[in-house]
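Starting from 1, each residue takes its place in the sequence as its number. Just follow the structure's listing: the first ligand is 1, and inside any ligand the first atom is 1.
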Amino acid sequence: MSSASIHDEIHGGNAAACLEVAVALPVWGTFTYRTHTGLLSSAVPGRRVLVPFGTRRVTGYVLGPAKAVPANELKAILDVLDDEPLFTADLIPFFRWIADYYIYPIGEVIRGALPGGLNLYEFNQYAITEKACQLPDTTDLSELEKAVLDCLREGACRLKDLSTHLERPVPGRLLQAMERCGWVQRKKTLLGGRTRPKQEKLVHLLHRSIPGERMTPRRQQILSYLEHHGDTPLHTLRRVVPRATAIVGGMASRGFVDVRESVAYRDPFGDPILPEQAPELTREQRQALDGIHQAGARGFAPILLEGVTGSGKTEIYLHLVADAIARQKTALVLVPEIALISQMERRFRARFGEKVAVLHSGLSAGERLDQWMRILHRETPIVIGARSAIFAPQRNVGLIVVDEEHDPSYKQDTHLRYNARDLAVVRAKHSRCAVILGSATPSVQTYHNAQTGRFVHIEMTRRVTPQPLPEVDIVDLSPVRSERGLRKHLTPELITALGQTLERGEQALLFLNRRGYANYPHCTSCGEPVRCRNCSITLTYHRNANAYRCHYCGHSRAANQPCENCGAATLWHFGFGTEKLEEAVERLFPAARIARMDRDTTRRKGSLLRILKNLQQGAIDILIGTQMVAKGHDFPNITLVGIVCADTALNLPDFRSSERTFQLLAQVAGRAGRGERPGRVILQTYTPGHFTITAARKQAFHAFYEKEIQHRRSLGYPPYSRMVQLLVSGKNRGATRHFAETLGVAGRDWLQNDRAWKNQITLLGPVEAALHQVAGRFRWQLLLKGTQPSTLNRFTRELLQAVGPPRGPEAVKVIIDVDPQAMM
Ligand code: ADP
Ligand code: ZN
């Protein structure tokens, strides 16, 4: 149905009905709109509608019939924007749960869940008037007014864009004055909604011959092509038969063929993948599978699958997904990042072919939308994706897998700050199915849940092909602390091992969790570090760009500028990043083929996969990288892993720094010796006695956990408590601090005066955040701790409601982060 005919129905119908609508705006709750019975059939849950909201028109999402109909006059829905729902009705309770738990507007939850490029917004645009076009040259115009009119002559535009085009601020006052003169005109325009799946014309054969119809050679050609190839896009026929468009048109009118519009999916898959049979499971795998089946037989079951790397967890996932499909159910597989998705995708495609859809940020907006629609149309019962795939519009979910469940990238750290691992458990509960959290180094949270019986615990301790875990040698960096330059970071042990590895024709991996060239550039004369203008940190020198860059806000400063403090010309490049490491290794091993994998070298689409491919094909001898290289890639020829400095993340002001460090080290170490030959790991550290380092050395997760959980218990940190972080930020230092303090005082008052709250909630802060300024915004934080998530949730809501939103011109913002991951 076209939206025009829907429009008729809306305005033509009589009997009214009421719908519950979530609007795509930062406002709480849902709203009731009126519609007509004629429309009810099209305004079904999951479709977007255009609704009046205040003085604007905005996108809304239909959630269903209104529960209660208010007495006052209701506004009517203006239009239905979709011909079919964009999400399924069974996702709605999930969205409601998320909005409630994360204290986030439900319309924004849905907007963030849907593939981008679908939303309509209304903007004020300025256009030049006829009168202004005819202004005589003698008119007295200011230079800015002239520039504005010249710019508008090329098309209407928003105030913001005017400033961008003219490269200087254009005040709103000026345009209002020009409007009063009748030179410009303000109009409301809808923007957005541009990404649409590509439509194509598909030609379908109806009759090979029709009595009385002439058969020309061209018609003949088209008919035999269709006979051989089945339904064919018109543009393909055009390549085969000259003037195919006109000929097909004629044939369609005679009844030979039928031309239909169909959606053209852009396939994100690359190379052909050969089908593969499932191998016979090992005894341990069979036991694990039996355990999972038993646990999952009664509907909802959260399961921790703890298995050392190479124990065959992925094979278990493949079996479980096959089971789900055999039961006519769908399956959702979450993988932490793009490079791993492609690896997972390849294995799933080899087993399940076209049944797989993929969702991740590496896809273009159009590709994402295509995948989304395929899932909605039930063409693909399996979805593999990064964290946002937890919102995939699958019906009838029978299994959810979260691979590498401990990975911090499951937590989204902007907008809706959800954790996809936690949401997987919630969605499984709503779908009454099993959820498998897989890892070799589980998160403390998940392991604790397994220990306390909330999750079923299944363990696999043996590698499928019995390789020993790599040997880890610890090299103490403290004796070389005072060395200068390279010798400080590349110890003789590491250099020797690298040389031997190259001689044997094997590959090495060097891990340093810090990108750039030098992370502590400072002035040789006054000692002042080169700082970011917007953030409270030093800039990092990037040699390729010959510039200093901020890793938080992206601010960049040319390297040939003098010290901002004293004007001296020379700056020292102190500190060590992957870029400098690469240069050093190149100098040590000039014949070796060296590549670097970090955020700087993988910015462009496809570059990460290219590096991995080169590594796999043996075109790289030494790969240098940040935590990107730690993720579970499987490269059999890597026999040496060098951890250049294990301590980089250990001393961050964050209660999870030990957990993060342990996971990273254990994972990087696990990259060595995945093939026939044994692996070796050299772990360089300043703190060889730290329990995190000694546990990581032996990949002893349980030993690490026992120590770590004691710390958490004694300090009352998660999993012994739940946390909500309130992050207050603003451009004005005083106003930001003031609002943070207002929240703090109000919160303490409440706790003091209310016994029930007092016993359950602790308020810490406000304190200046460890990163006290980012991108020009000052940051303060408050931390709420409690044992009951529901109490904590209620306290947070009521506190923010009582204090009210920040007022005044300073635009102070409060971000609510439920179960915060990073405490900086
Ligand atoms: P994990 O995900 O636990 O690291 P994988 O599932 O990737 O482990 O398995 C490691 C390797 O062993 C892979 O190359 C996989 O193909 C292989 N493998 C897994 N299970 C079996 C099996 N039952 N028989 C033979 N090979 C297997
Ligand atoms: Zn910055």
- For ligand 1, which atoms sit closer than 4.0 Å to a heavy atom of Glu280? 22 (C), 23 (N), 24 (N)
- Residues that Ser443 engages under side chain to side chain donor-acceptor pair (under 3.5 Å), provided they are two or more places apart: Glu405, Arg421, Thr446
- Item | Within 6.0 angstrom of Lys411 NZ, more than 12 heavy atoms from elsewhere | yes
- Message: Does the protein come close to atom 21 (C) of ligand 1 - that is, does one of its heavy atoms sit below 4.0 Å from that atom?
- Response: yes
- Query: For the residue pair Phe701 and Phe662, does the interplanar ring angle fall in the parallel (under 30°), tilted (30 to 60°) or perpendicular (over 60°) class?
  - Reply: tilted
- Note on the structure: Of all protein heavy atoms, the one nearest atom 8 (O) of ligand 1 is Gly312 N, 3.0 Å
- Query: Does a side chain donor of either His457 or Asn449 reach within less than 3.5 Å of an acceptor in the other side chain?
  - Reply: no
- Starting from atom 2 (O) of ligand 1, find the nearest protein heavy-atom neighbour and note its residue, name and distance. Thr314 OG1, 2.7 Å
- Message: List ligand 1 atoms under 4.0 Å from Ser311, heavy atoms only on the residue side.
- Response: 3 (O), 8 (O)
- Message: Among all protein heavy atoms in this structure, tell me which lies nearest to atom 3 (O) of ligand 1, with the distance rounded to 0.1 Å.
- Response: Lys313 N, 2.8 Å
- Message: When you compare the side chains of Asp598 and Thr578, does any donor N or O come within less than 3.5 Å of an acceptor on the partner?
- Response: yes
- Message: If you scan the protein for heavy atoms around atom 11 (C) of ligand 1, do you find one that is closer than 4.0 Å?
- Response: no
- Message: Could you identify the single nearest non-hydrogen protein atom to atom 27 (C) of ligand 1 and state the distance to 0.1 Å?
- Response: Val464 CG1, 3.5 Å
- Can you tell me if Asp819 and Tyr101 form a side-chain donor-acceptor pair at under 3.5 Å? yes
- Query: Should we say atom CZ of Arg463 is surrounded by more than 12 heavy atoms from elsewhere, each under 6.0 Å from it?
  - Reply: yes
- Query: Does Gly310 come within less than 4.0 angstrom of ligand 1, counting non-hydrogen atoms of the residue?
  - Reply: yes
- Considering only the protein, which heavy-atom contact is closest to atom 14 (O) of ligand 1, and what is its distance? Asp634 OD2, 4.5 Å
- Message: Would you call the rings of Tyr717 and Phe655 parallel, tilted or perpendicular, taking 30° and 60° as the class edges?
- Response: parallel
- Would you mind checking which non-hydrogen protein atom is closest to atom 15 (C) of ligand 1, with the distance to 0.1 Å? Arg347 NH2, 3.5 Å
